[in-house]
Amino acid sequence: MKKRLDVLICGGGACLSSHSQDVKNKFIEVLKAKGLTDEINLVETGCMGPCEMGPVMVVYPDGSFYVQLTENDVEPIVEEHFLKGRPYQKKLWAAPEARKIVEEKRQVPFFEKQQKVVLALCGKIDPESVDEYIANRGYEALGKVVTEMTPEAVIEEMLKSGQRGRGGAGFPTGLKWKFGKASEGKQKYIVCNADEGDPGAFMDRAVLEGDPHSVIEGMAIAAYSIGADKGFVYCRAEYPLAIKRLEAALKQARAMGLLGKNIFESGFSFDIEVRMGAGAFVCGEETALMASIEGKRGQPRPKPPFPAQKGLWGHPTVINNVETLAAIRHIILNGADWYASIGTEKSKGTKVFALSGKVVNTGLVEVPMGITLRELLYDIGGGIPNGKKFKAVQTGGPSGGCIPAAHMDTPLDYESLTKLGAIMGSGGVIVLDEDTCMVNVAKFFLEFSVEESCGQCAPCRIGLKQMHDLLEKICEGKGKMEDLDLLESLAHTIKATSLCGLGQTAPNPVLSTMKYFRDEYEAHIKEQRCPAGVCKDLISYVVDESKCIGCTACARTCPVSAISGAPKQKHRIDPSICTRCGSCIVKCPVKAIYIGPGAVKREVESKKLHLEKTL
Amino acid sequence: MECQELHIPDNPQYRELKRIIEEYRNVPGPLIQVLNRAQRIFGYLPREVQLYVSRELNVPLSEVYGVVTFYNFFKTEPVGKHIVNVCLGTACHVKGAQRVVDALANELKVEIGQTSQDGFYTLSTARCFGACGLAPAMMIDDEVYGRLTPGKAVEVIKEFQKNETNQN
């Protein structure tokens, strides 16, 4: 029965943690009390995108978009909107640019420039209902493929669409399938790489949580094309909800005969097993991932042989990323030409980006390839919060690089990003503002890669550690100008000689920050100054005496007794004792403590330096 | 490692583990899945459990130990009743996650990886759990807390502990 209103409440990760569940339960309670359950259809969906605004909710048919809901908003929304037909203005999304209340979802600037293909059903359907998926043409593509198309024809269609793998490297999907098909073997496998390890990327999580059937359907189509009858989804352990929803979806698909033996009575059989990772970034690399599925340490091996020739347990295996697989049914349903008409000449289709960091609208967005960074950041992302100045975006995580303000109008596609020394990667876009220290960011990524290196090959294991130590030296104000040359030469050697993608790309964040922000490196070295006020050894904590009320809260919390001052007197921090732990800033009730720039060396350390010089 | 007689206590935990191992007996490459489930039962993977899994699955202990120490998720030391996991992913990092960790470490009087004196919390850090929209974020067990400040994070763990203590 068609109900009067469809109320979609977001159950994506971010909204869940801002307690969307409580809001939903309150709605159930209030709707029941008012006897509206038959008129109003309440659905919990996957991620709708604007995570910053969570919990969010859309009401159809009018499309009113509510944000930052609490339990207290439920009664007035039911009363005003559901009963009297007047959207509850107080919680409708007020777009900061327009300074007006936006009533319809499509008028929200955040959504205007987006084109949702992969995320089309994410946030629109109940991810735990296969019926809703089917009602949106779900499994129609699989039906068409297995009953009307030969595997060769499917691969031909994929080649024509120009789709490239969304996991990072951008290898054409059709070509991968062609190799998988061509490989001889009785047993073949299709693997979905859901080990989304790049910090700052959460699109695969959103797809698995919001539209798990699209991934299953994509895998089935891939399996049919290459001749596999078994699939694995390798999902990281940090995504318990994604695993739960995927398992539920698999169960439903099996119950309906969409997985299992003789699907659509075509003679094609296929089933999927979920394998949980155990927290190792390197397992996103395909050969390491396969080792992990086999129950071993996730250590990469040299290629060739490629997985398509010799993969899981030695059998031909095709590995695709979640976002890649989720797009497949759309390509089959709408045709390769349609897909190829979106995007740029060499980068076709849409791409999901995860916007985070210093940007107003953090969240998930899907845009045609080739959109400029400026459009992504300002039109969709809403710009930089708190009136701060934009510095750069970081893409591609620990394998990627930075794009500075000067290249804001670069189109986002594989080639342009690579040319700038950044990469598309999985699509994490982290926005950095003037308060971010680029040397610190480079060190952060190196620290990540050092810890996540599997330790097998020397360039990665030893070289990255050396680079990290050099960066640490620079951040402590002890660097020399020669260190920059050393960093660069190490970086090139590691890139050229590492065994797998992790080592080959790990120096990128350093190279790219050195290219665009050399002045910051030099400030650390020559002036012992951290321009952004981040590096602990190059900053000092200062009490603003005009604000200090002499309450002694800071002095009492200081773990090293660096703060002096009697009650009711102005307090002072001794920079030679202070360890820059930040406890005092937290405790101060009047926000009188701030971070001051300038190199203030700790007494002990300057003594040590002095000693080193005399020796 | 020396050869030793394995004494397995007959308790519900080991009976549950035995049942799980039977479940995976015919699955190819079951080691990581079994260890995952074993950690859920025991909270961590002590030597005895590794030895037991090794014998039951007929995988050398060295290989089991190799896998356990390779993956961050597996713990070989007992952990507190609840795990506070602070995200140190990029988005969280640039929004001040380090200060959140420092404040928590200061409050709990532990270093990262250690358990508080009362055994209630283990402080841990993670490499991004995909809650970048809520940065900086942390998890207490499976629950995510976002948009933290050092002060707010300290409040959250205090509140959480107070609530649980009151319930008992």
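Every chain is numbered from 1, with letters handed out A, B, ... down the list of sequences.
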(request) Determine whether Tyr44(B) and Val68(B) make a side-chain contact, defined as any pair of heavy atoms from C-beta on separated by less than 4.5 Å. (result) no

(message) Given heavy-atom pairs under 4.5 angstrom as the criterion, report whether the side chain, backbone, both or neither of Gln394(A) touches chain B.
(response) neither

(request) Using non-hydrogen atoms and a 4.5 Å limit, figure out which bit of Ala237(A) sits close to chain B: side chain, backbone, both or neither. (result) side chain

(request) Side chain from CB out, backbone as N, CA, C, O: work out which of these in Arg297(A) comes under 4.5 Å of a heavy atom of chain B, or both, or neither. (result) both

(message) Looking only at heavy atoms and a cut-off of under 4.5 Å, which of Glu238(A), Arg275(A), Glu52(A), Lys358(A) has the most pairs with chain B?
(response) Arg275(A)

(message) If we define contacts as heavy-atom pairs under 4.5 Å, which of Gly151(B), Gly66(B), Cys87(B) has the most with chain A?
(response) Gly66(B)

(request) Could you tell me whether a side-chain N or O of Thr317(A) sits under 3.5 Å from a main-chain N or O of Leu312(A), the two making a donor and an acceptor? (result) yes

(message) How about CD on Glu77(B), more than 12 heavy atoms from neighbouring residues, nucleotides or ligands closer than 6.0 Å, or not?
(response) no

(message) Test: salt bridge (Lys or Arg N to Asp or Glu O under 4.0 Å). Region: residues 22-43 of chain B. Which pairs qualify, not counting sequence neighbours?
(response) Lys18(B)-Glu22(B), Arg19(B)-Glu23(B), Glu22(B)-Arg25(B), Glu23(B)-Arg37(B), Arg25(B)-Glu56(B)

(message) Using a 4.5 angstrom heavy-atom cutoff, name the option from Gly54(A), Gly277(A), Gly197(A), Gly298(A) with the most pairs to chain B.
(response) Gly298(A)

(request) Flag the pair Ile384(A) / Asn386(A) as yes when at least one side-chain heavy-atom distance between them is below 4.5 Å, and no otherwise. (result) no

(message) Can you tell whether the side chains of Lys388(A) and Asp433(A) come within less than 4.0 Å, N to carboxylate O?
(response) no

(message) Counting heavy-atom pairs under 4.5 Å with chain B, which one of Ala280(A), Ser18(A), Ser292(A) comes out on top?
(response) Ser292(A)

(request) Could you tell me which portion of Cys283(A) (side chain, backbone, both or neither) has an atom closer than 4.5 angstrom to a non-hydrogen atom of chain B? (result) side chain

(request) Measure from the side-chain N and O atoms of Asp271(A) to the backbone N and O of Lys230(A), and report whether any donor-acceptor pair falls under 3.5 Å. (result) no

(message) Using heavy-atom distances under 4.5 Å, tell me whether Thr149(B) contacts chain A through its side chain, its backbone, both, or neither.
(response) neither

(request) Decide yes or no for Leu45(B) and Gln39(B): does some side-chain heavy atom of the first lie under 4.5 Å from some side-chain heavy atom of the second? (result) yes

(message) Please check: side-chain N/O of Glu209(A) versus main-chain N/O of Cys47(A), any donor-acceptor pairing under 3.5 Å?
(response) no

(message) Is there a side-chain contact between Ile41(B) and Tyr14(B) in this structure, where contact means two heavy atoms from C-beta onward sitting under 4.5 Å apart?
(response) no

(message) Using side-chain heavy atoms (C-beta onward) and a distance below 4.5 Å, is Asn72(B) in contact with Glu452(A)?
(response) yes

(message) Taking Ile539(A)'s backbone N and O only, do any of them form a donor-acceptor pair with Arg580(A)'s side chain (distance below 3.5 Å, no angle check)?
(response) yes

(request) Please check if the side chain of Ser20(A) supplies one atom and the backbone of Cys10(A) the other of a donor-acceptor pair under 3.5 Å. (result) yes

(request) Enumerate by number any residue of residues 96-126 of chain B whose heavy atoms lie under 4.5 Å from heavy atoms of chain A; in the absence of such residues, state 'none'. (result) Arg99(B), Asp102(B), Asn106(B)

(request) Report the option among Thr69(B), Asn36(B), Val64(B) that has the most heavy-atom pairs separated by less than 4.5 Å from atoms of chain A. (result) Asn36(B)

(message) If I measure from the heavy atoms of chain B, does Leu355(A) come under 4.5 Å with its side chain, its backbone, both, or neither?
(response) neither

(message) Any salt bridge linking Glu196(A) with Arg236(A)? Criterion: basic side-chain nitrogen under 4.0 Å from a carboxylate oxygen.
(response) no

(request) Applying side chain to side chain contact (heavy atoms under 4.5 Å, CB included), run through Gln50(B) and Leu61(B) and close with a yes or a no. (result) CA-CA 7 Å; Gln50(B) 295 181 43; Leu61(B) 181 59; 4.0 Å; yes

(message) Can you tell me which of Ser17(A), Ala201(A), Pro398(A) forms the most heavy-atom pairs within a distance under 4.5 Å of chain B?
(response) Ser17(A)

(request) Output the option from Ala278(A), Ser356(A), Gly363(A) having the highest count of non-hydrogen pairs under 4.5 Å with chain B. (result) Ala278(A)

(message) Only heavy atoms, only distances under 4.5 angstrom. Which residues in residues 131-140 of chain B are near chain A?
(response) Ala131(B), Cys132(B), Gly133(B), Leu134(B)

(request) Give, as side chain, backbone, both or neither, the part of Val534(A) having an atom under 4.5 angstrom from any heavy atom of chain B. (result) neither

Distance-only donor-acceptor hits, side chain of residues 440-451 of chain A, under 3.5 Å, sequence neighbours excluded:
residue   : atom : partner   : partner atom : Å
Asn440(A) : OD1  : His93(B)  : NE2          : 2.7
Ser449(A) : OG   : Phe445(A) : O            : 3.2
Glu451(A) : OE1  : Arg127(B) : NH2          : 3.1

(message) Under a 4.5 Å cutoff for heavy-atom pairs, which residue among Leu35(B), Asn85(B), Val144(B) has the most contacts with chain A?
(response) Val144(B)

(request) May I ask you to test the Gln33(B)-Val27(B) pair for a side-chain heavy-atom distance under 4.5 Å? (result) no

